[in-house]
Structure formats: C-alpha cells, structure tokens
Amino acid sequence: MAAAANAFTGACASQGSSMGGSVIVRPHSAVATRLMMSSSSSLRCAVVGTATAAAETAGGGGRTRLKQLAVPPRLVDQLVEEALVWCSQHGLVVGDKNHPRSGKAPGVGLLHAPFALLPMSFPKVYWEQALELAPLFNELVHRVSLDGEFLQQTLARTKEVDSFTRRLLDIHSKMMELNKKEEIQFGLTRSDYMVDGATDKLLQVELNTISTSSNGLACGVCELHRNLIRHHQRELGLDPASVVENSAIARHAEALAAAWAEYNTQSAVVLVVVQAEERYMYDQYWITVALRDIYPLVYATLLLCHAAYARCIGISSDINNCHGFRSCTFFFLSFYFHVWGDDNSQNNGRNRAEGELRPDGTLMLNGCTVAVVYFRAGYSPDDYPSEVEWRARLMIERSSAIKCPSIAYHLVGAKKIQQELAKENVLERFLDNKSDIEKVRKCFAGLWSLENESIVSAAIESPELFVLKPQREGGGNNIYGDNLRETLIRLRKDGSNEIAAYILMQRIFPPASLSYLVREGTFVRDNAVSEFGIFGAYLRNKDKVIINDQCGYLLRTKAASLNEGGVVAGYAFLNSIFLT
C-alpha cells in the first residue's frame, strides 16, 4: 500500500486540454426567466466530438465549449479491463455492500470504486475561481463559527421541528454558557460547485464542514486516468500530464499533523471518529498511509479490535526532529465510547473505548491524551443511536482537544446557515473586504426559506427548477420534482412550523456529455453531468493563522437522469479534471 501512496500523493502537472462537445438542456418557463435574470446566453447544443485537445470558443459569447473525450469503440473493453486491474493493484477500492463482512473488517469483500473511464474537461476560469474562493470560505466558516448568537438565532425555528439540529444546538448552547473558547481551531471543509449551463456561472451547491470524505479516492482516480492515457496516448491523442494535480490526501495528512503539533504534547493521539460499519474505510486509511509516506521515519503498527464498535489503527514513533512531527498515534474508532462514571451506558458485551474528561480539560481515551478529534462520522442522526453517543460528543466539546470540526464549525455547514448567508448584507457581517464579499456572493445560487410565499408558489408551479433541502448531510435526502411539489402543498396546507426544517434552492443545470461510467465491473455509456468540490484546510492558534488554503479537489460524475449525487451514497462516479 505504501507504493500506492507514492502514486496517490505524487505531483500531477496541470496543463490544459479539452474534452468533447456537450448538450445543455435549459428549462423554459416564466419561473426560469425570473431565476436566470443574469443570463443573456442562448441555448447551446454541440455534438459529441473526438479526443482532440483543442478548446473551442462559442461564437459571440466568448465561452469555452466542452468536448467529450471520445473513446474509439475498439478500445473501450480494453480500457475498462486495464482500469479494473489498476484499481485492484493500487487500492482504489471500497467495500462490497453484498458481502456480509464488508465494512466491518479490512481486506474482506473488496470492490473497485465507481469511476468515469476518462477525465472531464474543465475550463480554467472556473478552476481558478474555485481555488481563489477556498481561503475565503475557510475564513468565512471560521468567523461565522465565532458568532454564537447568529448560529442560535438562525437555527432557532429549525430546532423546533428538527430534533437532530436541536441536540447539536443544545451542545453549542452549553459551550456558550461555559464561555468555552477554542484556542486552536481546525477545519477540513469542502465547497461543492456546479457550472450552470444557462448562465455559464460557477454556482455553489453546498458547503461541507464535517466529514469531507473521498479525498483518498479522488487522488486515486487522478492517477488511474493518467495511467490509462499514458498507455494509450497515441490512440487517444491526449497528454497524460494534462490531468490536474490532486494532492488532497497529502494536504489533509499535513494539516492533521500540523494540528497535532500545535497541541504540543508528544505522547498525545489523534482520534478519528468513524461509523461502526464503513464500506469506505479505505478512503480513511489513506490518511495514515500518506502520513507514513510524508514522514518516512514514522512506522505503523496495525491493531484490530474485531467488534462492531471498535477498530483501531495505531501509528506511533519516538522519532526526533522529523520536520517537527515527532510522534503521533491514530485511533480509528466507531462513534461510541463509554463515559467514565456513566452507569447507564450499555454495550451488550461489545468492545468499547473508555473516555475520561479530566478537571483541566484533557480528554483521555483508554489512558491516552487526545490531541485532535477528527470526525468522519457524527453528521447524521444514525450516528447517535443512544444517549451514550450524545454524552460522548458533549464530552469531546467540553475538552481541550482540537476538534475537526468543533460544534460551532459543524453548525456553520447547516443548510439554513447557507441560505442565511446568501441574504443581502449578511456577508458584510463577517467579511471586511468588499472584493472578497463580491467574489463569494457571485457563486451563490438562489436560496430561499419556505416563508417566502412567492418562491414557494413558483416552486409548486415549476418544481423541476428547484431543490427542497432538509437539514441533513450524507446524500439521498433532497426532494425533487413531483415529490417537491407534493411536499410544499402539504406543508402549506398544514400551516405547521415544519417549513423551518427545509430550504429551497435553485436547481443548477450543468452541461451534460456522454461518458463511460464503470461500477461493479461493468460499464454504461450515458449522458452525464459533474459536480466539483474544492477541499479546504484552516488551522488557527489564537490570532495566528497557520494554514488557510485549498486542499485538493473532488470531481463526481453521475447520469444526467439522476437527481441525487454522491459517491458514498451510491449515485455518482469518481472523476478527474482536464483544464481547457
């Protein structure tokens, strides 16, 4: 696996190339006109092209057209077979949902991760815009997290009808009552975007502040595509160096190491909170592999607890003078641990990790001091099946351990907060620079509360132009089409406070193009659209900003006929970028 880490974290050149023609479908209605007032563009339609590396410009508008990287029919089967072998050899794998032990034990029930056979072109202007936005959103998340009253007031109505949001806010409120200050603040985020085909604008889909996953898999598919193109460069007419560099895993590992170093306790550990059964555990394991690769003197010891509620990987070292990173221990645990003195917690004989909060705020886990708590779970109500998990989350928040994210950072990612930030004059509350404010506001799609009667009426009239979003993360929760209309009619008829549990968002229609999509060993050729995310890292110790930067990217492609996206949720395919 270490050899694969070299490939996953290696540099990829970011020179430009182009992908083939695309078809953009634009809705036509009065509502569409109101939603897309800023668009003066006409409907564009292009046929599928060949794998040439030439960027074309649309007449009059000066816009770059996407050209599909067409695969010669005689090469398709060969490329798919080579790709599947590469995935198996280089760790681009996930757990097989059909295997009973998959997600419970490493190395059992493996399957290649879903992927697009060739990369997607991406105009350079959007890439540069997203990179420029990354540190701005990192800073915005930080500043919003400091305004406890804003978070509490914005989510006040939501918590009345959403018990999960209420429990998170309760913990946040307790921290405010205790005047709990996080001297060291750490966030690993991802801002997701789509290019709107009607306006040619890069619009934000959502801002994720907890458990930003698929960073390891995103690096892997980049290397897969470079490998395929390198071996078939003559037939495809493409330069493998044109696949954009993706250093997500290396940068995430470096950020975690930097956070650990700021805690300044050499014997301390990093706790990674994961779900009890996780088919995407290998994406998480790439963090430790990358740390071994970046700090080659650090050695790994594998410790497995064969129980649903505890599995650990320990990395420890007594190394001195290793770029300031002298020792670190990682524990991968499910979101469950016993709280000392909690006589009501039951584990039914399952292994458990025992946590203790000392009077000075130190968080102890099985006798080890915890420096950093990195959440790869805790974003869904399913992660809190009992009061034990809620008590554990409260204990973590009360501690001096560095949280990624803290409860305040977590709440900033709520859909309702995103909608509130899009309102007029709200960004000015948190950002000072007018140019930065304009850059952030420029990428906002239409976002509305359900208290806006005119927008609700418009959504009932033309539901295909909207997305109804609840306060949930993890994919598969959004409401579309006829279901959206029926839900809005019901909510309006009931007249209940349940409307506060949702927001309405403008539906973004990205360019669609034909793509070969591979899942479970077979492929389909389908019209597909893509969603692009930029990872961000932010680390601050009091007034000193240590890290504020982009942290790699994630490109996901799905069939254009699907509403939902998300690789982990089972809808999308991993992809990589060609710049045009």
Side-chain angles (χ1 to χ4, degrees), residues 27 29-32 34-36 144 147-173 192 203-210 379-382 384 407-408 410-427 429 441 444-508 563-565:
S29 73
V31 179
R34 293 198 297 271
L35 283 176
M36 303 167 184
V144 174
D147 195 334
E149 292 300 327
F150 174 80
L151 293 174
Q152 289 285 336
Q153 291 171 9
T154 302
L155 294 169
R157 291 198 62 201
T158 302
K159 76 175 184 180
E160 295 176 5
V161 294
D162 188 313
S163 59
F164 182 62
T165 301
R166 184 180 70 250
R167 295 300 298 265
L168 295 176
L169 280 172
D170 286 347
I171 293 176
H172 180 256
S173 179
D192 293 333
L203 299 180
Q204 188 182 57
V205 177
E206 65 179 350
L207 180 60
N208 304 278
T209 60
I210 183 171
Y379 55 84
S380 166
D382 295 338
Y384 304 80
I407 192 68
H410 185 170
L411 289 170
V412 174
K415 303 296 190 297
K416 185 65 180 176
I417 299 296
Q418 184 181 2
Q419 180 247 313
E420 188 71 16
L421 290 172
K423 287 183 177 179
E424 188 176 0
N425 297 324
V426 175
L427 281 178
R429 179 170 177 172
R441 182 171 286 127
F444 284 160
L447 294 160
W448 306 275
S449 77
L450 269 61
E451 296 172 349
N452 189 323
E453 281 294 328
S454 63
I455 289 296
V456 171
S457 296
I460 292 173
E461 175 191 343
S462 300
E464 71 279 4
L465 301 182
F466 296 86
V467 182
L468 186 61
K469 292 187 170 186
Q471 307 299 317
R472 290 291 179 271
E473 303 296 334
N477 299 302
N478 295 335
I479 303 173
Y480 300 85
D482 290 340
N483 289 336
L484 182 152
R485 175 191 283 123
E486 292 168 4
T487 301
L488 291 180
I489 291 173
R490 176 183 61 80
L491 291 173
R492 176 180 276 183
K493 181 180 179 181
D494 292 347
S496 69
N497 290 334
E498 191 183 348
I499 62 172
Y502 300 90
I503 68 165
L504 269 171
M505 180 175 174
Q506 165 195 348
R507 187 163 186 179
I508 304 168
N563 290 322
E564 287 286 1

- Take F150 and I417 through the test side-chain contact (heavy atoms from CB on, under 4.5 Å) and record every step on the way to the result. CA-CA 9 Å; F150 174 80; I417 299 296; 4.3 Å; yes
- Pair K415 + E206: basic N to acidic O under 4.0 Å: yes
- If we only count heavy atoms from C-beta on, is the N478 to L468 side-chain gap below 4.5 Å? no
- Task: Can you sort out the partners of Q152 under side chain to side chain contact (heavy atoms under 4.5 Å, CB included), two or more places apart, ordered by chain and number?
- Result: K159, L169, H172, S173, M176
- Message: Is it the case that the side chain of R485 and the backbone of P463 share a donor-acceptor pair, with hydrogens and angles ignored and the cut-off at 3.5 Å?
- Response: no
- Message: Nearest 0.5 angstrom please: L504 CG to L447 CG, how far?
- Response: 9.5 Å
- Note on the structure: Taken to the nearest 0.5 Å, the spacing of I499 CD1 from T487 OG1 works out to 13.5 Å
- Message: Tell me every residue that passes side chain to side chain donor-acceptor pair (under 3.5 Å) with D192, counting only those two or more places apart in sequence or in another chain.
- Response: R190, N208, R556
- Any L488 side-chain heavy atom under 4.5 Å of Y502 side chain: no
- Interatomic distance, H410 atom NE2 to Y379 atom OH [nearest 0.5 angstrom]: 10.5 Å
- If we ignore angles and hydrogens, is there a donor and acceptor under 3.5 Å between the side chains of N563 and R507? yes
- Residues in side chain to side chain donor-acceptor pair (under 3.5 Å) with Q471, at least two apart? none
- Item | Check against side-chain contact (heavy atoms from CB on, under 4.5 Å), L203 and F444 | CA-CA 6 Å; L203 299 180; F444 284 160; over 6 Å; no
- Query: Taking C-beta and beyond as the side chain, do E464 and Y480 meet within less than 4.5 Å on heavy atoms?
  - Reply: no
- Message: Using side-chain heavy atoms (C-beta onward) and a distance below 4.5 Å, is I455 in contact with F466?
- Response: yes
- Closest non-hydrogen atom pair, L427 against L421: CG-O, 3.6 Å
- Can E453 and R492 be said to form a salt bridge (Lys or Arg N to Asp or Glu O under 4.0 Å), step by step? CA-CA 9 Å; E453 281 294 328; R492 176 180 276 183; 2.9 Å; yes
- Query: Shortest non-hydrogen contact from Q418 to V205?
  - Reply: NE2-O, 3.4 Å
- Message: Ignoring hydrogens, what is the shortest heavy-atom contact between Q204 and M505? Give both atom names and the distance.
- Response: O-CE, 3.2 Å
- Message: Can you confirm whether or not the ring centre of Y384 sits under 6.0 Å from the ring centre of F164?
- Response: yes
- Message: My understanding is that only residues two or more places apart in sequence, or in another chain, count here; which of them pass side chain to side chain contact (heavy atoms under 4.5 Å, CB included) with S449?
- Response: K416, Q419, E451
- Message: Nearest 0.5 angstrom please: L491 CG to E486 CD, how far?
- Response: 12.0 Å
- Message: Within this structure, what is the CG-CG distance for the pair L450 and N452, rounded to the nearest 0.5 Å?
- Response: 9.0 Å
- Item | Greater than 12 external heavy atoms within 6.0 Å of D494's CG | yes
- List the steps and the verdict of side-chain contact (heavy atoms from CB on, under 4.5 Å) for I479 and V467. CA-CA 6 Å; I479 303 173; V467 182; over 6 Å; no
- Query: Looking at residues at least two apart in the chain, or sitting in another chain, which of them share a salt bridge (Lys or Arg N to Asp or Glu O under 4.0 Å) with E498?
  - Reply: R490
- Take D170 and R166 through the test side-chain contact (heavy atoms from CB on, under 4.5 Å) and record every step on the way to the result. CA-CA 6 Å; D170 286 347; R166 184 180 70 250; 3.9 Å; yes
- Quick one: closest heavy-atom pair of I508 and A445, and the distance? CD1-CB, 4.4 Å
- Gap separating the CD1 atom of I210 from the CG atom of L168, nearest 0.5 angstrom: 8.0 Å
- Item | With sequence neighbours excluded, residues passing side chain to side chain donor-acceptor pair (under 3.5 Å) with D382 | none
- Query: For the residue pair A414 and L155, what are the closest heavy atoms and their distance?
  - Reply: CB-CD2, 4.1 Å
